[in-house]
Number of protein chains: 2
Amino acid sequence: QGTRDHPPAHTALRDRLLAAVVTCFKRHGAAAIDTPVLELRETLMGKYGEQAKLIYELQDQGGELLALRYDLTVPFARYLAMNKITNMKRYHIAKVYRRDNPATTRGRYREFYQCDFDIAGQFDPMIPDAECLKIVHEILSDLQLGDFLIKVNDRRILNGVFAICGIPESKFISTCSTIDKLDKMPWEEVRSEMVGEKGLSPEAADRIGEYVQLHGGLDLIEQLLQDPKLSQNKLAKEGLGDMKLLFEYLTLFGIAGKISFDLSLARGLDYYTGVIFEAVLLQQENNHVEELVSVGSVAGGGRYDGLVGMFDPKGRKVPCVGVSIGIERIFSILEQRVKASGEKVRTTETQVLVATPHKHLLAARLKLISELWDAGIKAEMLYKKDPKLLKQLQYCEDTRIPLAAIVGEQELTDGVVKLRDVATREEVRM
Amino acid sequence: QGTRDHPPAHTALRDRLLAAVVTCFKRHGAAAIDTPVLELRETLMGKYGEQAKLIYELQDQGGELLALRYDLTVPFARYLAMNKITNMKRYHIAKVYRRDNPATTRGRYREFYQCDFDIAGQFDPMIPDAECLKIVHEILSDLQLGDFLIKVNDRRILNGVFAICGIPESKFISTCSTIDKLDKMPWEEVRSEMVGEKGLSPEAADRIGEYVQLHGGLDLIEQLLQDPKLSQNKLAKEGLGDMKLLFEYLTLFGIAGKISFDLSLARGLDYYTGVIFEAVLLQQENNHVEELVSVGSVAGGGRYDGLVGMFDPKGRKVPCVGVSIGIERIFSILEQRVKASGEKVRTTETQVLVATPHKHLLAARLKLISELWDAGIKAEMLYKKDPKLLKQLQYCEDTRIPLAAIVGEQELTDGVVKLRDVATREEVRM
């Protein structure tokens, strides 16, 4: 349930998409790593908040207690800690597993690819963070997915907001996961979850509501830096200062126009400690040119300065920031686009079919195709002793092999082959 | 236990190796598919004989009973049956899982890659089978792994041998798994397992011994075709006839010299029904030039005409033949070779480091690097506001970035950059 086979047309399109993502990651100097699909259960525990119930656990078959990885971030942090690496720029493209209610029509599966880029190390503030946003901008632009917006916020600012609204610190994380639903629910519902399920006072919820509905750019940052209460909160002030710096760098990168400082962005996971962000695609609603609405998140990430320390015996921290590209949703969009365009994705790369015009020429075909393979040419033949020429040419058309190399008795005698352009039917002897 | 992280140098080398394998598979016109790591437990049951105990099972967390795939062949057969595909040439490169006793020093892990190429469909005998052997030959030659030998046999011939030696049919498969140990144990031990554990009579075991110690080429096929008992067995006769045809095709492919018809080859898995094969690397033992000994299997496969039918509600069969490249063992060999040569595998592809010679130039670096990225150039910079030039050049040397693009006040004023060749220290302004 919630998984799928990828037939050749899927796989070919997905490989094309992944290649574009890898190209971008390599352009930014990242090295690839790989980690096992299996992790110790204890490695995953306490990292995903309310989502931990979605972790796939393996049966205890007499050995360790194992689980399937839930994302690529926690394995990366474990990898850094285990190997005492304090400095690394890596990408990792692999499948992760979540026992979620699958919504396969909307591209949500229990097994899906993640494409992660992360920068680990102690650096000057916001330089790696800005690069992560640049990467999102490059990938979404390269893939021509249409208009998009990258929302940014900072957990420190949110925590500051919670603090000045009178929320006890113990409820910060669970309040975050409620706020995170603001992109799918109206404020009224989020408010009632806060008050009902999370036990906040109605007044506190209303005060939060005033903040989390704000979004904007540098102006908003300046405005909040002047906010008499928020500016008194140490964490919020730090976060706002860094947000200002981030916008400065994004302006130098020429991408500030696509970035929105959005206080409703909270992100679900426990481990974020600083900047968080999420990219959404925008679409015109009901042909109102002016009104662009979000049609779902296609990338997300943020800073998690405490995660590596959780795996280090001495708790040594390695600050990290990273981004995960939502390749499955992007794939669904590209797939629909390919379908709409009527384009048929070619699933093989065969250049030439080795064919014979009449019977008793299998040996000639086998010899010729072997020569072609040895010369590095992508070649196929039908697996029949005596196939009809028409069938062979039909196979070329069906699988879009552009050329047929035909050997008959005459060609054998003359020591040549007849090379036929399948589309134009032109032939040359060579 | 038995799994490992792949650091950048591993991953870079492995990606290089996988690219070579994919190139070969594509040269033979295969399309790629992908299937989930998770399969229903019932899909895997009854396919792996005695090895089934090595299957990783997932905990029943309220849903289906799942397991991790054990190989890529059974998922492929399930895929064909589910989608009613009767004709397909596909490759699949992915991880599989076996709860084996790990022998990590010998490159045996519980999570490892398989690289499979399979041809499904009803075709004339031995044409696709011969292509699978050609593929093994091409890959082992392309990778320059040294001398190798491809052993071939046929389950029908083995079954014929068992029948004429008086083994009951119910013991054919378990006798196969004992014979399969002949590459690791002397005949005496295999014989005693047959008699002791498998309950064959000593006379039957001895009769089998006379056959399974035979190996050779066309001569041996001819000799067995004349064998008064074996030639009377219908299955064996079919198998021998096909083996003769196979050698004919392999001769046309020019690779018969590396093929040995070897009656001791049995393969462990239940599902094989016809031709089986295994490639081994050969090495000189103790500098005896004449004596080449096997140093382990690097590819294997065979024909499994009944497997797809096991997944079809009406039992419709789709004949299949395929090969699996033992990428992990090949990787270990290449890794040792790289180590021995002192070559340092570069793990990133960065072309240029954007650097500044003095303070207060972060903005200039950010602008320049952004231009380079947008132009598709692989560029990095240090994530510090004011790094020392020496540190920046040192980073180029450490990570083998060939060029540094340097912007100082003078360059900014003149609207140029200084491009420095890190190795030669030559500089040009541009």
Side-chain angles (χ1 to χ4, degrees), chain A residues 1 3-8 10-12 15 26-38 56-59 61 63-64 79 82-83 90 95 99 111 119 121 123-124 127-128 130 134 138 249 252-254 347-350 362-363 366-367 370 373-374 376-380 383-385, chain B residues 1 3-8 10-12 15 26-38 56-59 61 63-64 79 82-83 90 95 99 111 119 121 123-124 127-128 130 134 138 249 252-254 347-350 362-363 366-367 370 373-374 376-380 383-385:
Chain A
Q1 240 204 319
T3 67
R4 56 175 168 175
D5 293 318
H6 297 271
H10 269 224
T11 309
D15 285 353
K26 286 187 175 172
R27 192 158 61 224
H28 288 262
I33 70 161
D34 191 20
T35 66
V37 162
L38 308 167
Y56 272 104
E57 298 186 349
L58 268 77
Q59 214 173 72
Q61 291 172 284
E64 306 141 311
Y79 172 82
M82 263 178 72
N83 296 286
R90 82 90 178 77
K95 286 175 177 178
R99 285 179 53 254
E111 173 186 66
I119 301 170
F123 302 116
D124 281 326
I127 310 180
K134 177 77 171 87
E138 283 178 26
Y249 296 162
L252 288 164
F253 283 160
T347 58
T348 59
E349 299 177 9
T350 310
L362 176 60
L366 290 172
K367 275 185 92 158
S370 168
W373 285 331
D374 292 344
I377 291 166
K378 294 169 190 145
E380 287 184 72
Y383 300 122
K384 298 202 72 162
K385 264 166 69 180
Chain B
Q1 240 204 320
T3 66
R4 57 175 168 175
D5 293 318
H6 298 270
H10 268 225
T11 308
D15 285 352
K26 286 187 175 173
R27 191 158 62 225
H28 288 263
I33 70 161
D34 190 20
T35 65
V37 162
L38 308 167
Y56 272 104
E57 299 186 349
L58 267 78
Q59 214 174 72
Q61 290 172 283
E64 307 141 310
Y79 172 81
M82 263 179 72
N83 296 286
R90 82 90 178 77
K95 286 176 177 176
R99 285 180 54 254
E111 173 185 67
I119 301 170
F123 302 115
D124 282 325
I127 311 180
K134 177 76 170 86
E138 283 178 26
Y249 297 161
L252 289 164
F253 283 159
T347 58
T348 59
E349 299 176 10
T350 309
L362 176 60
L366 291 173
K367 275 185 92 158
S370 168
W373 286 330
D374 292 343
I377 291 166
K378 295 169 190 145
E380 286 184 73
Y383 300 123
K384 299 201 71 161
K385 265 166 70 181

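Reminder, nothing fancy here: chain letters follow the sequence lines and each chain counts from 1. We use all heavy atoms of the structure for the numbers below, so side chains are in, but hydrogens, waters and symmetry mates are not.
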What option among [options] has the most heavy-atom pairs under 4.5 Å with chain B?
options: A/K378, A/K384, A/Q61, A/H6; value: A/Q61
options: A/E349, A/K95, A/E111; value: A/E111
options: A/K26, A/E138, A/M82, A/K367; value: A/K26
options: A/L38, A/D15, A/D34; value: A/D34
options: A/T35, A/T347, A/T350, A/L366; value: A/L366
options: A/H10, A/R90, A/K385, A/H28; value: A/H28

Sidechain-backbone polar pair: A/Q1 side chain, B/E64 backbone, donor-acceptor under 3.5 Å: no
Under 3.5 Å, is there a donor-acceptor pair between the side chain of A/R99 and the main chain of B/G63? no
Does the side chain of A/P36 reach to within under 4.5 Å of the side chain of B/D5, using non-hydrogen atoms? yes
Is any side-chain heavy atom of A/I33 closer than 4.5 Å to one of B/P8? yes
Can you give me the closest heavy-atom contact between B/A130 and B/Y249, atom names plus distance?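 Result for this residue pair: CB-CB, 3.8 Å.
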If I compare all heavy atoms of B/Y383 with all of A/F123, which pair ends up nearest, and what's the gap? O-CB, 3.2 Å
Using non-hydrogen atoms and a 4.5 Å limit, figure out which bit of B/A30 sits close to chain A: side chain, backbone, both or neither.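 Only the backbone of B/A30 comes within 4.5 Å of chain A.
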Checking B/K134 against chain A: side chain, backbone, both or neither under 4.5 Å from a heavy atom?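 For B/K134, side-chain heavy atoms alone lie under 4.5 Å from chain A.
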Can you tell which of B/L252, B/I377, B/L362, B/D374 has the highest number of heavy-atom pairs within less than 4.5 Å of chain A?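 Ranked by contacts with chain A, first place is B/L252.
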